[in-house]
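What follows is a single structure, written as structure tokens, with notes after it.
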Number of protein chains: 2
Amino acid sequence: MTVKKSKFTDTQQLISKFANALANPVRISILELLANQSCCYHGDLSAELPVANSTLSQHLKVLKDAGLIQGEINPPKTKYCINLENWGLAKGLLIGFFDSKIHSYKCD
Amino acid sequence: MTVKKSKFTDTQQLISKFANALANPVRISILELLANQSCCYHGDLSAELPVANSTLSQHLKVLKDAGLIQGEINPPKTKYCINLENWGLAKGLLIGFFDSKIHSYKCD
DNA sequence: TATACATTTCGTAAGTTTACGAACAAATAA
DNA sequence: TTATTTGTTCGTAAACTTACGAAATGTATA
């Protein structure tokens, strides 16, 4: 029973994990559509986005694995929503990151 | 002379571009070190980070291409800094993204 | 001129991502 | 029961990422 120790802090790893989920314009679109609640079902998203259904499922899985969304399966339909808790966490971490000590920044 | 029209807005593409630059813990570390100004030279970063010099150069190039940092080459040394303008742009875009219409969010 | 130093570029290997269509699954309708 | 609808999973190809060491670069110094 060993615990793998990383060379990076938990925060650093979390930030990069969330950033990775945002690192694709299809996924940004998905999150915008969900956040605006103009859509919730896979099919609604599919109608708006220029990718095949199978590709969309892959992107949804990436977002789900990152914790930014959650899905409720009621075959044959699947409804997706933002995961508000992690959404807030990601927001806080990223804002904190961008705020860090940059106020007094001066490159000599 | 043709202009390639994307299926995504400029903002969506910019957000994913910046997010992509943040999507790796080595690069998060680099940005933290630069933002904290504990280091500015490649060599200083190299001493702190668990990757080979050539790998570090690659990561620095990714950050530079994304516009988040800038480098000043004075061989044999190279000094890196945060690009404050784009740092602010990235911050603003991400804050805007995470704030979008999520306040009244309710999944029915 | 030759040597040393700090960093980048090159070559390459292993792994990951993104995309698609085909096949599959699960509930419902005909 | 068979067909239809809605999504997911599988197989696969092309492109991209991350990593390393070796070689190259460009200035300063011996």
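This is a predicted model, so every value here is computed, not measured. Chain A is the first sequence line, chain B the second, and so forth, proteins listed ahead of strands; every chain is numbered from 1.
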Which nucleotide, [options], lies nearest any side-chain atom of [X]?
| X | options | result |
| --- | --- | --- |
| A52(A) | dT8(D), dC5(C), dG21(C) | dG21(C) |
| P75(B) | dG26(D), dT17(D), dA19(D) | dG26(D) |
| H42(A) | dG26(D), dG7(D), dT7(C) | dG7(D) |
| T55(A) | dA19(C), dC10(D), dT5(D) | dA19(C) |
| P76(A) | dT6(D), dT7(C), dC20(C) | dT6(D) |
| R27(A) | dT18(C), dT8(D), dT8(C) | dT18(C) |

Per nearest nucleotide of DNA chain C, the residue lying toward the 5' end, G43(B) or P50(A), is G43(B)
Closest-nucleotide ordering on DNA chain C, the 5'-leading residue of N74(A) and Q58(A)
Q58(A)
Provide the closest heavy-atom pair for G71(A) versus K64(A) in the form atom of the first, atom of the second, distance.
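So the minimum-distance heavy-atom pair works out to N-CE, 3.9 Å.
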Is there a side-chain contact between L56(A) and L49(A) in this structure, where contact means two heavy atoms from C-beta onward sitting under 4.5 Å apart?
yes
Please state how far atom [atom1] in [X] lies from atom [atom2] in [N], giving the value in whole angstrom units.
| X | N | atom1 | atom2 | answer |
| --- | --- | --- | --- | --- |
| K77(A) | dT4(D) | NZ | P | 19 Å |
| L45(B) | dA6(C) | CG | C1' | 13 Å |
| L49(B) | dC20(D) | CG | P | 11 Å |
| D65(A) | dT16(C) | CG | P | 14 Å |
| L56(A) | dT9(D) | CG | P | 13 Å |
| N20(A) | dC16(D) | CG | C1' | 13 Å |
| K17(B) | dT17(D) | NZ | P | 13 Å |
| I30(B) | dT7(C) | CD1 | C1' | 14 Å |

Ignoring backbone atoms, test whether [X] places a side-chain nitrogen or oxygen under 4.0 Å from the OP1 or OP2 oxygen of [N].
| X | N | answer |
| --- | --- | --- |
| Y41(A) | dT5(D) | no |
| N24(A) | dT17(C) | no |
| H59(A) | dT17(C) | no |
| T78(A) | dG7(D) | no |

Could you tell me whether V51(A) contacts a base, only the sugar-phosphate backbone, or nothing, with contacts defined as non-hydrogen atoms closer than 4.0 Å?
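Sugar-phosphate contact only - V51(A) comes under 4.0 Å of backbone atoms but never of a base.
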Decide yes or no, distance alone: a donor-acceptor N/O pair under 3.5 angstrom between the base of dG7(D) and the side-chain of S57(A).
no
Charged N-O contact under 4.0 Å between D65(A) and K17(A)
no
To the nearest 0.5 Å, how far apart are NZ in K91(A) and CZ in F97(B)?
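Between atom NZ of K91(A) and atom CZ of F97(B) there are 11.5 Å.
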Would you say N53(B) and S46(B) are linked by a side-chain donor-acceptor pair, where the criterion is simply a distance under 3.5 Å?
yes
Centroid separation under 6.0 Å, is that true for the rings of F18(B) and W87(B)?
no
